[in-house]
Amino acid sequence: MTNRPETFNEDFVREMVRADLARATFGGRIQTRFPPEPNGYLHIGHAKAITLDFELASEFGGICNLRFDDTNPDTEDTVFVEGIIEDLEWLGYTSAGEPLYASDYFEQLYEWAELLITRGLAYVDDQDAETISQQRGGYGQPGVESPFRNRTPEENLDLFRLMRAGECAEGSRVLRARIDMQHENMQLRDPVMYRIRHEHHHRTGDAWHIYPTYDWAHGQSDAIEGVTHSLCTLEFDSHRPLYDWYLSQLPLTMDAPRQTEFARLELTHTVTSKRRLATLVADGIVDGWDDPRMPTLRGLRRRGYPAEAIREFCTYIGVSRTNSRHQIELLESFVRQHLNANAPRKMAVTNPIKLVITNWPADTVEYVEVVNNPERESDGTRQVPFSGELFIEAEDFMAEPPPKYFRLTPGREVRLRSAYFVTCTGYEHDADGNVSTVFATYDPETRGGNAPDGRKVKSTMHWVSAAHAISGSAAFYDRLFSAEVPGAETGDVMDDVNSNSKTLLAGCKFEPSMLDVAPGEVVQFERLGYFAHDPRESMLFHRTVGLRDEWARVKDAKN
RNA sequence: UGGGGUGUGGUGUAAUUGGCAACACAGCAGAUUCUGGUUCUGUUAUUCAGGGUUCAAGUCCUUGCACCCCAACCA
C-alpha cells in the first residue's frame with residue numbers, strides 16, 4: 001500500500017459490533033458465517049461478503065464458518081461445494097471449522113417445526129402456489145386467510161408427518177407459519193416454511209421429502225451454530241422481522257443472532273448474478289466459468305488477478321447501506337499496484353516485425369543483462385540473447401510518424417532495452433503495404449543501453465532475438481459488457497455484451513526465459529501490461545490488465 | 001397502492017456525531033525515468049430540493065423529490 005492511506009474503516013457494522021462487545025451482548029462473543037448456496041461459483045460480489053464476514057470476526061477475536069445454505073435440492077450440486085471451498089481458499093480464507101451445511105440441521109428444524117405446530121403457530125395448507133400467492137394480497141391490500149388456517153394442531157401434525165413420510169405429491173401442500181395475513185410487511189403474511197420435493201439432495205440423498213425454505217432455515221442455522229452477527233445483503237432487509245419472529249418462538253439457550261444488511265458489490269461493465277453468469281456460459285459467449293473475462297473468482301484467478309489485490313479492494317471500498325456501483329478501474333488499480341510491485345518483467349513481442357541490424361557482425365550472439373524488476377532490486381537480473389536479427393512490435397515503427405510519436409522512424413535513434421542504441425536506416429513492406437522488415441545500424445559504444453557521450457533518445461523499446469524466440473500466444477481482453485451498467489439503456493443485459501471482448505494473438509515471440517514462467521504465474525510484458533500464464537496451456541498468456549498508456553491517450557485525443 | 005431502505009465531486013468512501021467538507025480512483029498540467037510503466041508535484045470538481053432551529057447544519061426538525069427492495073413452494 002504505497003499510495004493509499006492507512007484507513008481503519010469504522011463502518012456501521014464495526015461500530016455496531018464494538019457497541020455489542022462493550023455491552024457484552026452475546027456474552028461478549030462475535031461469530032459470523034459465509035453462507036453461499038452451492039448452485040454456482042463464487043464471484044467478485046461474494047468476495048466483498050467473504051472479506052467482511054471473515055475479517056470482521058478476526059478483527060474482534062471471533063470466528064467465521066463457511067456454511068452451505070443447501071435447502072433446495074433442485075439446483076444444488078457437490079461440484080459447486082467443492083468449487084466454492086477451492087475459491088474461498090484461493091482468496092485466502094478458510095472456514096473456522098469443517099465446512100457446515102444447513103442440511104445437517106434438517107432434523108432439528110423439523111422438530112422445531114412440530115413445536116410451532118403444537119403451539120398453533122404453523123399449519124399445513126393444501127392450496128397450490130398460485131392460490132397462496134393471490135391470497136397474500138398486494139402492496140396496500142390486506143391478504144386473505146387460507147381456509148386451512150384453523151386446522152387443529154393434531155390434524156396439522158398428522159398431515160405434516162405425512163408430508164415428511166413422502167405420502168404427499170409435490171406442490172400439494174406446504175407448511176406455513178401462522179403470523180398475520182394483514183401485516184403491512186408481506187414477509188409476515190404466513191410465509192411458507194416447508195415445501196414438498198421428491199428430489200435427490202446432494203447430501204441427504206432421499207431421506208427427506210420436505211425441504212425448509214430460506215427464511216425458516218437461515219436464522220435457525222445461525223442460532224444452532226452460535227452465530228452472533230448474521231450479515232447479508234440489502235434485499236433481505238424486509239425479511240429481518242421474520243428472521244426475528246422465528247427465533248423468538250424457539251427455546252434457544254443463547255442470545256438469538258442478529259441480522260444486519262449491507263449493500264452488495266456492483267461493478268461497472270460487469271454483472272454479478274448467478275443466473276446471468278450461467279447464461280454467458282450456456283450460450284457460449286464465454287468459454288466457461290473460469291473464462292478470464294468472467295467476474296467469477298476462478299475467472300479472475302485465471303486472468304491473473306492476485307487474491308491479495310481483490311481482498312485489499314474489498315477492504316478499501318468498505319461497507320455501507322447505499323446501493324452503488326464501483327468503477328472497475330478502481331479494482332484494476334489495486335491489481336496494477338500489486339503486480340507492479342511483484343511481477344517479474346519479461347520481453348515479449350505480440351505483433352512482430354523484423355528488425356535487421358545491418359552492421360552487426362554476422363553469426364554473433366551477445367547476452368545482455370536485464371533487470372528483472374526495477375521495483376525490487378533483490379529480484380536481480382537475467383541474461384537475454386541479442387543478435388543481428390530481432391523482432392520488434394509493429395506499433396513501434398512508423399514510416400510516417402504523427403507528431404509526438406517517439407518510437408522508431410526513418411533516421412531516428414532509439415534504445416533497445418538494456419542492449420544498444422539503434423538508428424533506423426530503412427524499411428521494406430509487403431504487397432499490402434504493411435511494413436515487414438526494418439533496417440537499422442547499432443552503435444557498439446552504447447552496449448548496455450547508455451551512450452558514453454551522454455546523448456539521449458526519446459524512447460526505449462522491447463525486442464526479442466529472432467533465432468532465440470519462443471513462440472506463443474497472448475489473449476487481450478476488453479470489457480465483457482460495453483455499457484457501464486449492462487442493460488440500463490438497452491433494457492436487456494445481454495444486448496450490451498461486447499462481441500469483441502477477446503483478441504487472441506498467435507505468433508507472439510517471447511524471450512527464452514519465458515520458458516521458466518510457471519503455470520498460473522503473472523509477469524509483466526514490458527510496455528504491454530501484465531500477463532498470466534494459462535494454468536493448462538503452455539505459452540498461452542492472458543492479459544490481466546494493461547499498463548497506463550499515455551501514448552494511447554495522446555493518439556486517441558487526436559481521433 | 002402499503003411497508004422498508006438510501007441520497008455527499010465524474011465514481012466510490014469519509015467527516016472528531018452541530019464546528020474550516022477530506023481520501024482514493026478517474027481527469028488535467030508539470031518534473032523524474034533505460035518501460036509513453038513506476039515515483040513525485042500541482043490542479044479541476046461535492047453535501048437531492050425547499051423551508052425551519054442555531055453564532056454555526058452534510059449532520060437536528062419539517063415538507064417534498066428521486067432511486068432501490070418486498071406480493072417464489074428461490075436464496
Side-chain angles (χ1 to χ4, degrees), chain A residues 2-5 7 9-11 35-37 39 69 71-72 74-75 125 128-130 132-143 170-171 173-176 183-189 191-197 210-211 213-215 217-218 232-241 261 263 268 274-275 316-327 329-334 336-337 340-341 345 347 370-371 374-375 404-407 415-419 421 448-450 456-462 484 524-529 546-555:
Chain A
T2 46
N3 60 348
R4 263 167 263 258
T7 49
N9 285 332
E10 188 58 28
D11 49 72
E37 183 187 14
N39 67 346
D69 227 338
T71 58
N72 184 355
D74 293 356
T75 56
D125 194 335
D128 60 29
E130 198 185 334
I132 290 176
S133 169
Q134 275 166 8
Q135 289 175 349
R136 190 114 52 202
Y139 303 137
Q141 267 95 264
E170 284 194 12
R173 305 186 218 268
V174 290
L175 184 74
R176 289 228 257 169
H183 202 104
E184 60 196 14
N185 181 345
M186 307 293 278
Q187 303 299 332
L188 283 283
R189 321 251 258 226
V192 172
M193 296 170 65
Y194 278 97
R195 67 296 207 174
I196 298 165
R197 281 293 117 86
I210 53 173
Y211 291 90
T213 54
Y214 165 85
D215 289 297
H218 203 93
C232 63
T233 44
L234 244 28
E235 66 268 28
F236 292 103
D237 181 292
S238 58
H239 294 240
R240 187 173 359 116
E261 313 82 26
T268 55
K274 279 185 202 165
R275 208 188 103 230
Y316 182 77
I317 59 172
V319 39
S320 77
R321 286 177 67 87
T322 312
N323 283 312
S324 61
R325 190 174 288 263
H326 282 83
Q327 292 174 328
E329 288 83 353
L330 182 62
L331 209 208
E332 290 175 338
S333 86
F334 277 91
R336 280 201 195 92
Q337 179 180 303
N340 175 53
R345 316 284 129 126
M347 290 200 282
V370 183
V371 171
E375 299 297 313
K404 293 194 180 167
Y405 183 84
F406 301 150
R407 281 107 103 144
R415 171 167 40 229
L416 294 179
R417 168 128 239 207
S418 303
F421 282 14
N450 281 304
K456 303 283 184 203
V457 288
K458 289 280 263 187
S459 96
T460 299
M461 299 171 12
H462 61 279
E484 273 210 339
Q524 184 194 102
F525 289 176
E526 293 226 23
R527 305 205 301 137
L528 297 176
L547 263 17
R548 260 222 222 94
D549 189 348
E550 192 172 317
W551 168 238
R553 285 207 297 269
V554 171
K555 214 167 40 174

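By convention in this document, chain letters (A, B, ...) are assigned in the order of the sequence lines, proteins followed by strands, and residues within each chain are numbered from 1. Hydrogens, waters and symmetry mates play no part in the numbers below; they use all other heavy atoms, side chains included.
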For [X], answer base if it contacts any base atom (sugar-phosphate contacts may also be present), sugar-phosphate if it contacts only those atoms, and nothing otherwise; contact means non-hydrogen atoms under 4.0 Å.
X: His239(A); answer: base
X: Glu526(A); answer: base
X: Asp69(A); answer: sugar-phosphate
X: Arg407(A); answer: base
X: Arg336(A); answer: nothing
X: Pro374(A); answer: base
X: Glu332(A); answer: nothing
X: Gln327(A); answer: base

I want to check one thing: is the phosphate of [N], taken as OP1 and OP2, less than 4.0 Å away from some side-chain N or O of [X]?
X: Arg197(A); N: C74(B); value: yes
X: Ser333(A); N: A26(B); value: no
X: Arg195(A); N: C74(B); value: yes
X: Ser320(A); N: U13(B); value: yes

Checklist outcome for this item: side-chain contact (heavy atoms from CB on, under 4.5 Å) filter on Phe236(A), not counting sequence neighbours, yields Tyr214(A), Cys232(A), Thr233(A), His239(A), Gln259(A)
Checklist entry - Pick one for A14(B): is it syn, with its angle within 90° of 0, or anti? => result anti
Measure all distances between protein nitrogen or oxygen atoms and nitrogen or oxygen atoms of nucleotides 65-69 of chain B, and list the pairs falling under 3.5 Å.
unit_1, atom_1, unit_2, atom_2, d
C68(B), O2', Asn323(A), ND2, 3.2

Checklist entry - Residues two or more places apart in sequence or in another chain: which of them pass salt bridge (charged side-chain N to carboxylate O under 4.0 Å, His left out) with Arg336(A)? => result none
Next on the checklist: Test of understanding: with salt bridge (charged side-chain N to carboxylate O under 4.0 Å, His left out), list the residues that count as partners of Arg407(A), not counting sequence neighbours.
Outcome noted: Glu395(A), Asp396(A)
Checklist entry - For RNA chain B, what are the stems built from at least three Watson-Crick or G-U pairs in a row, each pair having both distances below 3.5 Å? => result B:2-7 with B:65-70, B:10-13 with B:22-25, B:27-31 with B:39-43, B:48-52 with B:60-64
Checklist entry - With no angle test and no hydrogens, is the base of G37(B) tied to the side chain of Glu375(A) by a donor-acceptor pair under 3.5 Å? => result yes
Next on the checklist: When you measure only distances, ignoring hydrogens and angles, does the side chain of Gln524(A) come within 3.5 Å of the base of U35(B) through a donor and an acceptor?
Outcome noted: yes
Checklist outcome for this item: With sequence neighbours left out, the residues meeting ring-ring contact (aromatic ring centres under 6.0 Å, His included) with Phe421(A) are none
Checklist outcome for this item: Of the candidates A75(B), A71(B), G36(B), the side chain of Met186(A) sits closest to A71(B)
